[in-house]
Amino acid sequence: MKGPIFSKATLGRLPVYLDYLRTGDHGENISAAEISRALGLGDVQVRKDLNAVSGTGRPKVGYKTTELIAALEAVLGRKAATPVVIVGAGKLGKALFDFEGFEEYGIKISAAFDVDKSLLCDRILSMDTFTNYCRLYDIHAGIITVPAACAKEVCEIMIKSGITAIWNFAQIELDVPENITVCQENLALSLAHLTMKLRK
Ligand SMILES: NC(=O)c1ccc[n+]([C@@H]2O[C@H](COP(=O)([O-])OP(=O)(O)OC[C@H]3O[C@@H](n4cnc5c(N)ncnc54)[C@H](O)[C@@H]3O)[C@@H](O)[C@H]2O)c1
């Protein structure tokens, strides 16, 4: 199901709105102004965010609280998480697999795959089963945490298996068809960017 694509900043605020709406008694209706005051966020910002999630609220009334909660849950995938797989269950792959924070955004890493047979268990599966697994569980997003030397090969297997969104940690550029989205991750770059501030 296709929906609006939110900026990272907006997406980061949505769980905050949801947590706020779920706690306490906010009555039948709630306005963007009330939410912005309670959370200390800009009124215009909150209006824009909620508009994108649930359309404009009713003038002088705002949003139906239950409908707004349902809309936020739908966007954040709280009712039906998006399954994602990892290829490469080494140090980084395992760390991502164990990280529970993805669930806040409705993402569930459902399995990891590896060529190293000694790693296989009920959660880490053989690469031989990768394509069948993706088709069976309707998986369209994958994370690459293998050495750079085999990332291209893994990327090809992912595409062949129906994956169209790839989060690539291997430090190599992946050449993919237009319909495939690759997000290239580089923790070193983020840290370098942060430490530049020390030099100021
Ligand atoms: N982007 C970043 O910021 C960042 C940070 C850390 C690591 N990395 C990269 O992530 C990757 C993994 O790092 P790591 O420290 O976890 O390495 P690792 O050696 O601990 O794990 C790699 C895993 O990939 C598996 N593997 C190798 N070839 C495979 C294939 N063809 N199919 C499936 N599995 C395969 C190996 O068996 C191993 O379990 C490396 O490319 C590393 O450079 C990137």
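When a ligand or atom number is given, it counts from 1 through the structure's own listing order.
- The residues R123 and D98 are annotated as salt-bridged, a charged nitrogen and a carboxylate oxygen being separated by less than 4.0 angstrom.
- For ligand 1, residues of the protein lying within 4.0 angstrom by heavy-atom distance are V87, G88, A89, G90, K91, L92, D114, V115, D116, L119, M127, T145, V146, P147, A148, C150, E153, V154, F169, A170, Q171, E185, N186, L187.
- If you look at F102 and F99, their ring centroids are closer than 6.0 Å.
- Taking E28 as the reference, K64 meet the side-chain hydrogen bond (donor to acceptor under 3.5 Å, both in side chains) condition, with sequence neighbours excluded.
- Using a 4.0 Å cut-off between charged side-chain N and carboxylate O, D128 and K117 make a salt bridge.
- Taking the side-chain hydrogen bond (donor to acceptor under 3.5 Å, both in side chains) definition, one finds that T131 meets it with S161, sequence neighbours left out.
- Checked against side-chain hydrogen bond (donor to acceptor under 3.5 Å, both in side chains), E73 has the following partners two or more places apart in sequence or in another chain: R22, K79.
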